[in-house]
J.: 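One structure is given below, represented as structure tokens, and several questions about it will come after.
If you read the sequence from its start, that first residue is 1, and numbering goes on from there. This is a predicted model, so every value here is computed, not measured. Numbering of ligands and ligand atoms starts at 1, following listing order.
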Amino acid sequence: MENIRENIESIRKRIADVAKRAGRDADDIKLIAVTKTVDVDKVEEAIAADALDAGENKPQELARKYEVLGDKIRWHQIGSLQTNKVKYIIDKVCMIHSLDREGLAEEIDKRANKIGRVIDCLVQVNISGEESKHGMSREEVEPFVRLVAEKYPNIKIKGLMTMAPFDAERDEIRKVFRDLKELSDEINNMNIGNVEMNELSMGMTNDFEIAVEEGATMVRVGTAIFGKRNYNK
Ligand SMILES: *Cc1c(COP(=O)(O)O)cnc(C)c1O
């Protein structure tokens with residue numbers, strides 16, 4: 001049995017320790033509890049342990065849990081998002097971390113407009129260039145954020161998100177996070193209207209400490225909180 005409260009407290013402490021070493025304020029780093037495949041009662045336990053943010057990668061699963069838990073926790077769509085699934089989550093999420101193409105921006109904008117909301121989004125970047133990873137290449141990001149800022153007023157870009165390559169060496173992971181931070185700073189310096197580059201969503205169970213050292217403002221942690229996932233339930 002996982003002790004969810006203990007796990008969350010231990011991760012928060014690890015984040016605080018790394019932040020301190022890196023000369024950062026731990027309050028600038030949000031822990032997103034990744035609740036995919038995790039039962040609602042376990043999410044309740046995380047909420048009781050002061051988890052404020054939950055991340056899901058399947059829109060219908062997010063919607064189903066939202067029906068039960070509502071706004072007791074803030075919901076983040078963190079996984080690749082099919083255009084035809086936007087409708088399930090548009091009124092439930094506080095942020096979409098996986099904006100990676102214009103077709104998706106168009107749909108989010110349209111649905112957001114319908115419900116009179118502006119949706120905070122992060123652009124997902126495939127820094128490592130791994131074929132299996134979603135997200136746009138580094139070079140595509142700047143023109144894309146300009147396009148979204150001009151054309152889609154119901155989307156507010158808040159920053160960037162990436163996933164480090166699976167099974168990579170620590171140095172390689174660090175390089176990915178450092179490159180994302182560098183890209184974020186570059187775009188930030190361009191002062192593009194209606195675009196903010198304040199959030200960097202990077203780091204998971206195996207690499208969140210490196211991510212914090214490299215400037216993450218949001219880490220997405222599942223396994224270290226809830227234990228190994230069972231996808232076959
Ligand atoms: C599953 C998932 C995570 C969490 O992964 P863990 O290794 O269990 O911490 C983070 N981000 C995304 C996009 C995910 O799909």
J.: Only one of R64, K36, K92, K65 clears side-chain hydrogen bond (donor to acceptor under 3.5 Å, both in side chains) with E56; which?
T.: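 Of the listed options, the one satisfying the test is K65.
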J.: Please determine which of D100, I96, V93 meets the side chain to side chain contact (heavy atoms under 4.5 Å, CB included) test together with L81.
T.: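 Filter result, single survivor: I96.
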J.: Sub-3.5 Å donor-acceptor pair from the side chain of N154 to the main-chain atoms of R117, do we have one?
T.: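 Yes: the side chain of N154 pairs with the backbone of R117.
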J.: Kindly state each residue pair satisfying ring-ring contact (aromatic ring centres under 6.0 Å, His included) with at least one member in residues 88-127, sequence neighbours excluded.
T.: H76-H97
J.: Just checking K20: does its NZ atom have more than 12 heavy atoms from other residues, nucleotides or ligands closer to it than 6.0 angstrom?
T.: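 Not more than 12 within 6.0 Å, no.
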J.: Would you check if the side chain of T162 reaches a backbone N or O of M202 as a donor-acceptor pair within less than 3.5 Å?
T.: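 Pair absent, no side-chain N/O of T162 close to backbone of M202.
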J.: Tabulating one pair per line, provide the atom names and distances (0.1 Å) for every N/O atom of ligand 1 that is less than 3.5 Å from a protein N/O atom.
T.:
| from | atom 1 | to | atom 2 | distance (Å) |
| --- | --- | --- | --- | --- |
| ligand 1 | 8 (O) | T223 | N | 2.8 |
| ligand 1 | 8 (O) | T223 | OG1 | 2.5 |
| ligand 1 | 8 (O) | R229 | NH1 | 2.7 |
| ligand 1 | 8 (O) | R229 | NH2 | 3.1 |
| ligand 1 | 9 (O) | T205 | N | 3.0 |
| ligand 1 | 9 (O) | T205 | OG1 | 2.5 |
| ligand 1 | 9 (O) | G222 | N | 2.8 |
| ligand 1 | 11 (N) | R220 | NE | 2.9 |
| ligand 1 | 15 (O) | K36 | NZ | 2.6 |

